[in-house]
*Asks:* 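Handing you a structure now.
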Amino acid sequence: MKNIHLLGLKNYPREDIQTIIDTGYRFKEVLERPIKKVPSLQGKTIVNLFFENSTRTRISFELAQKRLSADTVNFSASTSSLKKGETFKDTVQNIEAMKIDAVVMRHPTPGSPLHLTKYIDAIIINAGDGTHEHPTQAILDMMSLHEKFGYLKGLKVAIVGDISHSRVALSNIYGLQIMGAEVTLCGPSTLIPTHAEDLGVKVNYNLDEVIEWADAINVLRIQRERMQGGLLPSIREYRTLFGITNERLESHKKEVVILHPGPMNRGVEIDSAVADSDQAIILDQVLNGVASRMAILYLLLGGKQEKEPK
Ligand code: CP
């Protein structure tokens, strides 16, 4: 692996993404065993530093660390001495003084994982920084697409929803294009950045045309807090124009694979009938999240990527 940290997928080497996916498959086999544990990261200590809520990312990182036999510590901002006025810098430098090897951080401020590299020497993995990037989510999405289709080069992937505020979208845009996939964005014009096409993607505001084009659709959560900002007229209108409903999918003569990073707003951006159908790979994404995060931790902390995981 060329990079010491995993801060984002912009300009990330293609071969490193492929190595993570390939290693993820091997760790997925470990997850199928009765004893789901390997000694790969024995003696390593990883701190999960979460300044924002999470279910999937936090639990899957913690499980990945435990499956690799690393020692793992969870930090929650709401119960820490930050509440007594301690600074971010003092907090992370005190944690590093306890001899840790890596930090997995989620933070609402874009760029905060890069900022953290200036304060500590530990390996940093970005678990989502505001509206910027969520690289491990994009890697698990790409692993799930690769597993489903057998390839990424030339795959047609649509990302539908609130693109402007989505770190999942940006990391997928970078990662998928590095891997040779074609990407189309779809959503309300108020939620798609005006410079989107500069990122090398297409933009199409007509969801039916997008479904006709796509092999797979990554459906993003509608962030209800955006409703107050006047960026969406109403949930009903959003659902009519951009909702992934059974009726809409059935009106097309082809099957399209559905992904969703979670958490889902059932009945808004996606219907339960779709989310729970065989064409959705949403729970495969969750399992691949553990396997691919094991791969990322192993490759960044172990330095033994040329060998098979033990
Ligand atoms: N996909 C995702 O990042 O989910 P969480 O916010 O629950 O971690």
Side-chain angles (χ1 to χ4, degrees), residues 6-9 20-21 24 46-67 72-78 102-113 124-145 147-148 157-176 187 191 216-226 244 257-266 268-270 274-276 280-297:
L6 178 53
L7 305 180
L9 291 187
I20 294 170
I21 293 173
I46 305 168
V47 177
N48 298 314
L49 209 57
F50 276 65
F51 294 86
E52 217 187 57
N53 294 345
S54 168
T55 298
R56 279 148 292 269
T57 311
R58 183 172 180 150
I59 292 177
S60 70
F61 261 116
E62 194 178 341
L63 276 176
Q65 292 152 9
K66 289 183 193 303
R67 303 296 190 220
T72 173
V73 179
N74 290 320
F75 167 93
S76 172
S78 60
V103 171
V104 175
M105 185 170 81
R106 172 168 288 191
H107 198 285
T109 307
S112 46
I124 314 294
I125 299 173
N126 179 5
D129 59 332
T131 56
H132 181 224
E133 282 220 44
H134 193 349
T136 64
Q137 178 68 46
I139 286 171
L140 75 88
D141 291 344
M142 289 190 283
M143 179 178 168
S144 304
L145 287 167
E147 183 176 55
K148 183 74 185 173
V157 184
I159 306 175
V160 176
D162 179 356
I163 311 296
S164 295
H165 302 97
S166 174
R167 54 195 177 206
V168 176
L170 191 57
S171 287
N172 265 280
I173 289 168
Y174 290 141
L176 283 165
L191 296 180
I217 298 179
N218 201 341
V219 186
L220 301 181
R221 178 173 79 92
I222 275 303
Q223 303 182 22
R224 286 167 186 262
E225 57 273 26
R226 311 286 171 220
I244 305 295
V257 170
I258 302 294
L259 299 92
H260 195 306
M264 287 187 277
N265 293 304
R266 289 173 180 261
V268 183
E269 73 269 4
I270 189 167
V274 177
D276 301 331
I281 57 168
I282 296 166
L283 293 180
D284 298 312
Q285 289 173 264
V286 177
L287 177 58
N288 288 336
V290 180
S292 58
R293 286 172 175 131
M294 286 173 79
I296 290 161
L297 291 165

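Every number for a ligand or one of its atoms is a count from 1 in the order of the listing. Every value quoted in this text rests on a predicted model; they were computed, and no experiment measured them.
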*Asks:* Of all the heavy atoms in Arg106, does at least one lie under 4.0 Å from an atom in ligand 1?
*Replies:*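 Within the 4.0 Å threshold, so yes.
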*Asks:* Would Asp284 and Ser144 count as having a side-chain donor-acceptor pair, cut-off 3.5 Å?
*Replies:*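 Side-chain D/A pair, Asp284 to Ser144: absent.
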*Asks:* Measure the CZ-CG distance between Arg167 and Asp129 for me, rounded to the nearest 0.5 Å.
*Replies:*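 Reported value, rounded in 0.5 Å steps: 7.5 Å.
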*Asks:* Above 12 or not: heavy atoms from other molecules or residues under 6.0 Å from CG of Asn74?
*Replies:*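 Atom CG in Asn74 is crowded, with more than 12 foreign heavy atoms closer than 6.0 Å.
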*Asks:* Does any N or O of ligand 1 fall below 3.5 Å from an N or O anywhere on Pro261, backbone included?
*Replies:*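 Min N/O separation from ligand 1 is below 3.5 Å for Pro261.
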*Asks:* Would you check if Leu7 and Glu133 make a side-chain contact, meaning some heavy-atom pair closer than 4.5 Å?
*Replies:*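 With C-beta onward as the side chain, the pair stays apart.
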*Asks:* Could you check whether any side-chain N or O of Ser171 sits under 3.5 Å from a backbone N or O of His134, counting only pairs where one atom can act as donor and the other as acceptor?
*Replies:*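 Yes, the answer is positive, given that a donor and an acceptor are paired below the 3.5 Å cut-off.
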*Asks:* Is the shortest distance from a Lys or Arg side-chain nitrogen in Arg58 or Glu62 to a carboxylate oxygen in the other one below 4.0 Å?
*Replies:*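 The answer is no: the pair does not qualify as a salt bridge.
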*Asks:* For ligand 1, which atoms have a heavy atom of Gly262 less than 4.0 angstrom away?
*Replies:*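 It comes down to these atoms of ligand 1: 1 (N), 2 (C), 4 (O).
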*Asks:* Any idea which atoms of ligand 1 are less than 4.0 Å away from a heavy-atom of Thr57?
*Replies:*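 Close to Thr57: 2 (C), 3 (O), 4 (O), 5 (P), 8 (O).
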*Asks:* Quick one: does Thr55 get an N or O within less than 3.5 Å of an N or O on ligand 1?
*Replies:*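 It does: an N or O of Thr55 is found under 3.5 Å from an N or O of ligand 1.
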*Asks:* Would you check whether Gly128 reaches within less than 4.0 Å of ligand 1, judged by its heavy atoms?
*Replies:*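 Contact check Gly128 vs ligand 1: negative.
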*Asks:* Specify the protein heavy atom at minimum distance from atom 4 (O) of ligand 1: its residue, its atom name, and the distance to 0.1 Å.
*Replies:*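 For atom 4 (O) of ligand 1, the nearest protein heavy atom comes out as Arg56 NE, 3.1 Å.
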*Asks:* Using a 3.5 Å cut-off on N or O atoms only, is Arg58 in polar contact with ligand 1?
*Replies:*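 By distance alone, the answer is no.
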